[in-house]
Amino acid sequence: MNRKYRHTVIAGNWKMNLLASDVKAYATELRSLIPDFHKWCDAIACVPFTSLPAAIRAFRTTRVMIGAQNMNQHKSGAYTGEVSGAQLKDLGVRYVIIGHSERRELFGETDDIVNKKVLAAIQQQLRPIICVGESLGQRETGVTNDLVAMQVKSALNGVDALKLRSAIIAYEPIWAIGSGLTATPQDAQDVCCEIRAVIRSLYGARTARAIPVLYGGSMNEKNAHDLLAQPDIDGGLIGGASLKPELFAAIIKAANQ
Ligand code: 13P
């Protein structure tokens with residue numbers, strides 16, 4: 001983390017877990033565990049679409065901001081089952097995860113679609129949390145940095161420097177997601193540093209310094225401290241460990257270093 005230039009961001013990705021009726025108890029417990037964390041980090045809960053209204057209500061009196069996990073790239077129209085950025089914005093959603101590897105792998109999201117979603121999110125003044133990361137095979141063949149650089153460039157195609165200031169990049173090695181395997185702090189730092197170098201080459205040093213780059217992939221209350229101690233890791237995107245308020249709170253506390 002480098003607090004001089006950037007906010008620390010701890011974001012939970014609940015994926016397809018928990019019910020709308022679970023949200024109130026979660027929010028109450030989180031608030032009781034860490035009443036004053038907003039002094040050291042921005043906390044975000046990216047909840048399922050069905051829980052968004054409940055989350056916006058339940059977290060209203062806390063500093064936890066609410067994000068969605070996906071959106072459609074179109075403004076409106078005949079896209080059965082999809083949700084637009086305007087509809088998220090209308091609910092009071094502030095953030096949206098774009099291009100998570102589960103969406104790329106299971107739902108056919110290409111780099112081009114990810115780029116269109118990033119542009120659509122920014123147009124709605126939603127802050128995109130843009131996910132990039134390599135598979136195990138790609139890591140083993142040594143293409144991680146090139147691949148991640150390409151994903152970042154593609155996702156940001158057509159995004160101007162001023163608008164980019166609202167974006168967050170999350171480096172999530174696919175092999176570390178939900179597997180219990182975590183990238184070593186140094187490996188995660190190396191890729192996050194490369195991501196910042198790509199942003200620097202596209203937008204200049206000042207913008208690159210300002211963009212939070214998160215790590216995601218089996219981050220938990222035990223490894224968070226060491227990961228967050230790296231200079232280019234500005235926070236975490238947390239799946240499994242964000243589902244329990246006590247674990248999420250412990251990670252938020254680890255960001256207070
Ligand atoms: P886990 O923390 O469960 O590995 O999930 C990471 C992730 O995919 C967050 O978006």
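Numbering of ligands and ligand atoms starts at 1, following listing order. All of these numbers come straight from a predicted model, not from anything done at the bench.
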Part of Ile177 with heavy atoms under 4.0 Å of ligand 1, whether side chain, backbone, both or neither: both

Shared hydrophobic cluster, Leu237 / Leu18 (ILVMFWY, side-chain heavy atoms < 4.5 Å): no

Polar atom proximity, Gly178 to ligand 1 (N or O, under 3.5 Å): yes

Pairwise side-chain contact, Asp187 with Arg139, heavy-atom cut-off 4.5 Å (strictly under): yes

Shortest heavy-atom approach to atom 7 (C) of ligand 1 - which of Gln69, Glu172, Glu102, Met219: Glu172

Ligand 1 versus Ser179: contacting region, heavy-atom distance under 4.0 Å: neither

Per-atom contacts, ligand 1 versus Ala176 - under 4.0 Å to a heavy atom: 4 (O)

Close approach of Ala241 to ligand 1, heavy atoms, under 4.0 angstrom: no

Contacting atoms of ligand 1, where contact means under 4.0 angstrom from a heavy atom of His100: 7 (C), 8 (O), 9 (C), 10 (O)

Short N or O distance, Gly240 and ligand 1, threshold 3.5 Å exclusive: yes

Short side-chain donor-acceptor distance under 3.5 Å, Gln69 and His100: no

Under 4.0 Å to a heavy atom of Gly217 - the qualifying atoms of ligand 1, by number: 4 (O), 6 (C)

Path from Ile199 to Val118 over hydrophobic side-chain contacts below 4.5 Å: yes

Taking atom 2 (O) of ligand 1 as the reference point, the nearest protein heavy atom with its distance: Gly239 N, 2.9 Å

Check: Leu119 and Asn115 side chains under 4.5 Å, non-hydrogen atoms: yes

Listed partners of Arg31 passing salt bridge (Lys or Arg N to Asp or Glu O under 4.0 Å), at least two apart: none

Carboxylate-amine/guanidinium proximity below 4.0 Å for Asp42 and Arg94: no

Interfacing atoms of ligand 1 (cut-off 4.0 Å, heavy-atom, Ser218): 1 (P), 2 (O), 4 (O)

4.0 Å heavy-atom contact, Ala11 with ligand 1: no

Heavy-atom side-chain proximity of Asn13 to Glu172 below 4.5 angstrom: no

